[in-house]
Protein chains: 2
Amino acid sequence: MRKVTIKDVAREAGVSISTVSNALNNVDVLVPATKAHVLEVAERLNYIPNLNGKLLKASESKMLGFFTTSVSGPYFYVLVEAMARHCEKLGYGLNIVVAKDKRVILSNILGQRLDGVIIFEELLIDDKDVSVMEKAQVKAVFLDRVLQNNTMGSVIFDSYVAGYDAAKYLISLGHKKIAYISGVDTMYDSVQRREGYLAALNEHNLPFDESYILQGFFEEEGTYNAVKSFIKLHPEKLPDAFLAGNDVSAIGCIKALKSEGYQIPEDISVMGFDDINLAEYFSPPLTTVKNQIARQGILAVDHLVKLIQQKEKGMIQKLKGEIIVRRSSNLKVEQMVGR
Amino acid sequence: MRKVTIKDVAREAGVSISTVSNALNNVDVLVPATKAHVLEVAERLNYIPNLNGKLLKASESKMLGFFTTSVSGPYFYVLVEAMARHCEKLGYGLNIVVAKDKRVILSNILGQRLDGVIIFEELLIDDKDVSVMEKAQVKAVFLDRVLQNNTMGSVIFDSYVAGYDAAKYLISLGHKKIAYISGVDTMYDSVQRREGYLAALNEHNLPFDESYILQGFFEEEGTYNAVKSFIKLHPEKLPDAFLAGNDVSAIGCIKALKSEGYQIPEDISVMGFDDINLAEYFSPPLTTVKNQIARQGILAVDHLVKLIQQKEKGMIQKLKGEIIVRRSSNLKVEQMVGR
DNA sequence: AGATTTTTAGAAAACGCTTACATAATAGAA
DNA sequence: TTCTATTATGTAAGCGTTTTCTAAAAATCT
């Protein structure tokens, strides 16, 4: 029942506990025979050091934490897999803590069990918590929050650039009347993508019409309804392309357009963001902007380890999305006819 | 830089450290005013107990571990999400440790940081490790290994039953000549499914032909070739249904049959196992046997917590798969014509 | 008011480990 | 052989908690 401790090994080997400790930790101070003997006994007794005792003294645990409240969504495993592999390469273990209880998360972070943490959680950890972490000099990298100080940084996707690039891509296909289907206005991503979209329109001197910003709430049904009612209200000014705030929205949009008898992409191009799993298998397969999740994970781990080793100060790294061209977008028809 | 400890709180509040400890842990022995004062000071100093110190004394951490070497595969997040939610419901945190280094895993398990562990890893942890864990009375539940003793159990899918049920389903559609596409013969799942399939054939007095067991190696291409060459070699005894060892195999099978001009499911039914993501979107959508991953996770957590609380001894729980009927299977044509 | 009980707070040990320091043993030099 | 320099091992303190036990203070009873 009782776990075997360093004392047991010492007694059994007939040496002191410090000798056992030295033998196990390769402190080069023991005569080889002693060391070998101790190791043999430790092995025989199946001794495994108690991590709590060890970490109570030690200054590092060689363990990084990844905190999140939920692991749903198909991205998760790509992110975790990339982080885990990279941690391993750098000599760290990865500890994923899934909890909705903030106290669990904070006590893990500040409880000194981990050398640093990657936080993928926007709503739970508030500004006060962040400032507590800051005071305690916690090493942290945020994946969803823009933040920077000596000990904390972030790695985020630049949604502004994503929106800009997406709109620019649609423009390059010859589209001139491009509508944007907004998500939720309190969400950073949604707003940034819209701003990027507007900037691209502006840069190309395309007219902008207020009614071209629909509200889809990042949901399939919300978008479906928004598009349907737009067509009812303004049949005369149907866009020749829709840029949806995310893929789910793009799917709702396509379903609405199809139900009104339009062909995608022949009549209208539709584009989303995220490259969710379904995007590839939807009919038509979605053109979208993909977040390079794996890369984000790797950069986060990298940055965190450098923060821990004091080789870097906290900084904000922005990643560009990657445009994935599939079948839901097309050269504008008039152009093709014109050729 | 230095983290604030219980001593700092004690000094600042002008009380002893035991008083602070009592105040924080709700030991009902302090006069309310003292307690309130201590709590106020602790709050003001942003005191968070050091977990290592705490766990060094404590007998439980209220943390469960989930160990795996890799998180790839679309199942993963379903499993983890289910486990995380259930842990929370039972008052435990979930700690996922991703590591390929066995020592990291073992020292976490035996290092007393966790009350118990769920292990999803077949190759890394060998029998010796298991016996070490057993001697140390580690509470563990395995998801992929059949194992049972006082402190350890397993939750697995019964591949035998799955094979049996699948074959029975095909028989119920009127099929009589049912071929099985085997995976790798060293893999438990593949063999069990085949045995179940054979049992169902036997039970219904269906003739069995040795050549009806093809080798597809659980791969699309391997299966494609196997099916193609079967048709070449035995054109006269074409089965009226194929039961493939997994979905990937089923896809290879369908592609081979189509390339030979057969219609699925009109001419031949095809069925797989696993219900991979693609199964729903393939053409035709695959009939398959789905593992109820979320349920497996929940049962594992449940069992583990009962092991920890000594309310149960280790046991083996087998889960039945669920047959998902899609378009790749059909009533046998002759039957329909016959009516 | 004094004796006794009850309440409240503090001192100290213990958890398992590492590590600075002290001591004992050995080897080398005079 | 004696003294010093070197090496190998052990002693003990300390990491941050909890917890048992003891002491002091307050409350209650005679």
Side-chain angles (χ1 to χ4, degrees), chain A residues 1-39 41-42 45-63 107-115 136, chain B residues 1-39 41-42 45-63 107-115 136:
Chain A
M1 184 64 223
R2 249 187 83 267
K3 294 270 168 66
V4 19
T5 74
I6 200 170
K7 275 187 196 163
D8 302 316
V9 179
R11 188 172 351 95
E12 178 77 13
V15 298
S16 74
I17 59 170
S18 58
T19 299
V20 176
S21 176
N22 284 331
L24 288 153
N25 296 294
N26 294 313
V27 178
D28 201 11
V29 71
L30 296 180
V31 77
T34 312
K35 177 168 172 180
H37 175 229
V38 170
L39 291 181
V41 172
L45 298 186
N46 292 315
Y47 169 69
I48 302 265
N50 179 312
L51 278 180
N52 299 308
K54 201 161 185 162
L55 293 179
L56 197 51
K57 292 280 320 186
S59 57
E60 58 174 15
S61 65
K62 286 288 176 185
M63 268 280 169
S107 76
N108 266 283
I109 297 181
L110 296 168
Q112 319 247 86
R113 282 220 289 197
L114 302 165
D115 292 350
Chain B
M1 184 63 225
R2 247 186 83 271
K3 295 269 166 69
V4 18
T5 73
I6 200 170
K7 276 187 197 165
D8 302 316
V9 179
R11 189 174 348 96
E12 179 76 12
V15 299
S16 74
I17 58 170
S18 52
T19 299
V20 176
S21 177
N22 285 330
L24 287 155
N25 295 293
N26 293 312
V27 178
D28 201 11
V29 71
L30 298 179
V31 78
T34 312
K35 178 170 173 179
H37 175 228
V38 170
L39 291 181
V41 172
L45 297 186
N46 292 315
Y47 169 69
I48 301 264
N50 178 314
L51 277 181
N52 298 308
K54 202 162 185 161
L55 292 180
L56 196 50
K57 293 280 317 186
S59 57
E60 58 173 15
S61 64
K62 285 287 176 187
M63 268 282 170
S107 76
N108 265 282
I109 296 182
L110 297 167
Q112 319 249 84
R113 284 219 288 196
L114 302 166
D115 292 350

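Each chain gets a letter, A, B and so on, in the order its sequence line appears, and its residues count up from 1.
Among residue pairs with one or both ends in residues 12-26 of chain B, those qualifying as salt bridge (charged side-chain N to carboxylate O under 4.0 Å, His left out) are B:E12-B:R44; sequence neighbours excluded.
Put simply, B:K7 has a side-chain N or O that comes within less than 4.0 Å of OP1 or OP2 on D:dC15. Between A:N22 and D:dT9, a side-chain N or O to OP1/OP2 separation shorter than 4.0 Å is absent. Taking 4.0 angstrom as the limit, B:S21 places a side-chain polar atom (N or O) nearer than this to OP1 or OP2 of D:dT18.
In this entry the distance linking NZ of B:K35 with P of C:dT7 reads 17 Å, nearest Å. Put simply, CD1 on B:I6 is 14 Å from P on C:dA11, counting in whole angstrom units. Across the protein-nucleic acid pair, B:L30 atom CG and C:dG10 atom C1' stand 11 Å apart, rounded to whole Å. Between A:L45 atom CG and C:dG16 atom C1' the separation is 16 Å, expressed in whole Å. Going from atom CG of B:L24 over to atom P of D:dT18 covers 7 Å, rounded to whole Å. For the pair B:D8 CG and D:dT17 C1', the interatomic distance rounds to 13 Å; values are reported in whole Å. Here D:dG16 presents its P atom at 17 Å from CG of B:N25, a figure rounded to the nearest Å. Look at CG on A:L56: it is 12 Å from P on D:dT18, rounded to the nearest Å.
B:K54 is linked by a side chain to side chain donor-acceptor pair (under 3.5 Å) to nothing, counting only residues two or more places apart in sequence or in another chain.
Checked against D:dG10, C:dC17, D:dG16, the side chain of A:K57 finds its nearest nucleotide in C:dC17. The listed nucleotides are D:dT18, C:dC17, D:dG16; the one nearest the side chain of A:T5 is C:dC17.
Looking at B:N25, its side chain never comes within 3.5 Å of a backbone N or O of B:N22 through a donor-acceptor pair. Here the side chain of B:D115 pairs no donor or acceptor atom with the backbone of B:E60 at under 3.5 angstrom.
A 4.5 Å side-chain heavy-atom check between B:Y47 and B:I6 finds at least one atom pair inside the cut-off.
A donor atom on one side chain and an acceptor atom on the other are not found under 3.5 Å apart for B:S21 and B:S18.
Each of A:I17 and A:P32 was assigned the nucleotide of DNA chain D with the nearest heavy atom; the assignment lying further toward the 5' end belongs to A:P32. Each of A:T19 and B:T34 was assigned the nucleotide of DNA chain C with the nearest heavy atom; the assignment lying further toward the 5' end belongs to B:T34.
Taking CG of B:L51 as the reference point, atom CE of B:M63 lies at 8.0 Å (rounded to 0.5 Å).
Contacts with DNA chain D (heavy atom under 4.0 Å) in residues 47-55 of chain B: B:Y47, B:I48, B:P49, B:N50, B:G53, B:K54, listed by number.
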